[in-house]
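To start, the structure itself, in structure tokens.
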Amino acid sequence: DGGITQSPKYLFRKEGQNVTLSCEQNLNHDAMYWYRQDPGQGLRLIYYSQIVNDFQKGDIAEGYSVSREKKESFPLTVTSAQKNPTAFYLCVSSRFWTEAFFGQGTRLTVV
Amino acid sequence: EDQVTQSPEALRLQEGESSSLNCSYTVSGLRGLFWYRQDPGKGPEFLFTLYSAGEEKEKERLKATLTKKESFLHITAPKPEDSATYLCAVPVSTSGTYKYIFGTGTRLKVLA
């Protein structure tokens, strides 16, 4: 079945630690996105990529990093510079200008 | 500035009580408007795509419509299983690339 797979579903980060969220898609979509969802704030764009080896900062990129070495994969690293990382993270993929499809999300909690 | 606004923020309905959710948008050159359903703790699930004013799409108890300024998601005779957050989104162009702007959603609760 085609789709977007995010892992892990739950992730716990200690203070000062970097963690990486995985996102893989087999829909042959060119564009991939990372959004952060907080209660009452809607979806905020972190980073996005339209082609391999190229990506752009979204509205809240500080404290995050990404890579796009393969079309199918777009991992997100939450660095220690991100002071408030507790949130629900959603990976999205799409074809040019068409409807976006979501992964099932990763819930990150600082412990 | 490109913007998407949804109303109301929350809506409580009795089972069978029909209503509508609103999604107002301000974008230069609409290239589509998308509706999603999100259940707690899960990623949003795609429902509909609308491309031009006057277009309508239906799925079970849901019907989405589009005008030049807004979209409505009509829910006819809702059931408790329709309880979820409904999101709308539009794609916008930025510096030769494109991204999606989402509304903050409408939390729907249908009471039995």
Side-chain angles (χ1 to χ4, degrees), chain A residues 2-10 21 23 25 27 29-52 54-61 68 74 87-109, chain B residues 1-10 21 23-25 27-52 55 57 59 64 66 71 84-107:
Chain A
I4 303 171
T5 302
Q6 288 187 242
S7 63
K9 187 173 182 179
Y10 299 98
L21 285 61
C23 178
Q25 54 99 358
L27 300 168
H29 286 169
D30 291 305
M32 298 186 74
Y33 306 78
W34 277 104
Y35 285 87
R36 168 177 171 150
Q37 189 173 38
D38 297 279
Q41 293 200 45
L43 291 162
R44 293 186 289 167
L45 182 62
I46 304 172
Y47 269 99
Y48 60 110
S49 168
Q50 315 270 268
I51 57 173
V52 173
D54 188 42
F55 47 83
Q56 289 75 39
K57 292 182 179 180
D59 303 315
I60 56 165
R68 186 89 187 273
F74 192 40
F88 190 49
Y89 290 86
L90 288 160
C91 180
V92 176
S93 75
S94 73
R95 285 203 178 94
F96 194 61
W97 292 107
T98 64
E99 56 272 7
F101 291 91
F102 286 80
Q104 285 302 297
T106 293
R107 186 164 298 281
L108 173 62
T109 304
Chain B
E1 181 186 354
D2 299 317
Q3 197 169 355
V4 175
T5 304
Q6 290 188 248
S7 63
E9 287 187 14
L21 283 55
C23 172
S24 298
Y25 61 90
V27 297
S28 38
L30 184 69
R31 293 183 179 237
L33 186 142
F34 313 116
W35 280 98
Y36 296 86
R37 169 191 170 128
Q38 185 176 23
D39 293 302
K42 296 188 176 182
E45 175 188 352
F46 170 72
L47 292 173
F48 302 110
T49 300
L50 300 165
Y51 284 111
S52 56
E55 188 175 0
K57 294 277 181 71
K59 181 180 180 179
L66 182 66
S71 177
T85 296
Y86 292 86
L87 300 168
C88 64
V90 296
V92 296
S93 176
T94 172
S95 303
T97 63
Y98 68 99
K99 60 184 181 181
Y100 296 87
I101 296 179
F102 290 84
T104 53
T106 294
R107 295 188 312 276

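As the structure is a prediction and not an experimental result, all values here were calculated from the model. Chain naming here is simple, since letters A, B, ... match the order of the sequence lines and numbering starts at 1 in each.
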Just so I know, are the side chains of [X] and [Y] near enough to count as touching, which here means a heavy-atom distance under 4.5 Å?
X: Ser93(B); Y: Trp97(A); result: yes
X: Gln38(B); Y: Leu90(A); result: yes
X: Phe102(A); Y: Lys42(B); result: no

Quiz item: Does any heavy atom of chain A fall under 4.5 Å from the side chain of Thr97(B), the backbone, both, or neither of them?
Solution: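 Contact with chain A is through both the backbone and side chain of Thr97(B).
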
Quiz prompt | Per-residue contact mode, Tyr100(B) against chain A (heavy atom under 4.5 angstrom) | solution = both

Between [X] and [Y], what is the shortest heavy-atom contact and its length?
X: Ala31(A); Y: Tyr98(B); value: CB-OH, 3.3 Å
X: Thr98(A); Y: Phe34(B); value: C-CZ, 3.5 Å
X: Tyr36(B); Y: Glu99(A); value: OH-C, 4.0 Å

Practice problem: Let me know if Gln104(A) has heavy atoms under 4.5 Å from chain B in its side chain, its backbone, both or neither. | Solution: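 Both backbone and side chain of Gln104(A) come within 4.5 Å of chain B.
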
Exercise. Under 4.5 Å heavy-atom distance to chain B, tell me which part of Phe96(A) shows up: side chain, backbone, both or neither.
Key: both

Quiz item: Looking at Gln56(A), Gln6(A), Arg107(A), Gln50(A), which has the largest count of heavy-atom pairs under 4.5 Å with chain B?
Solution: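 The answer is Gln50(A).
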
Quiz item: What option among Gly103(A), Ala100(A), Cys91(A), Gly58(A) has the most heavy-atom pairs under 4.5 Å with chain B?
Solution: Ala100(A)

I'd like to know whether [atom1] of [X] has more than 12 heavy-atom contacts from other residues, nucleotides or ligands below 6.0 angstrom.
X: Arg44(A); atom1: CZ; result: yes
X: Tyr51(B); atom1: OH; result: yes
X: Gln41(A); atom1: CD; result: yes

Quiz item: Who among Gly41(B), Ala89(B), Gly103(B), Gly105(B) has the most heavy-atom pairs with chain A under 4.5 Å?
Solution: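 That would be Gly41(B).
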
Quiz prompt | Among Leu87(B), Val92(B), Ile101(B), residue most engaged with chain A (heavy-atom pairs, under 4.5 Å) | solution = Val92(B)

Quiz item: Rounded to the nearest 0.5 Å, what separation is found between the OH atom of Tyr48(A) and the NZ atom of Lys99(B)?
Solution: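 Reported to 0.5 Å precision, the distance equals 5.5 Å.
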
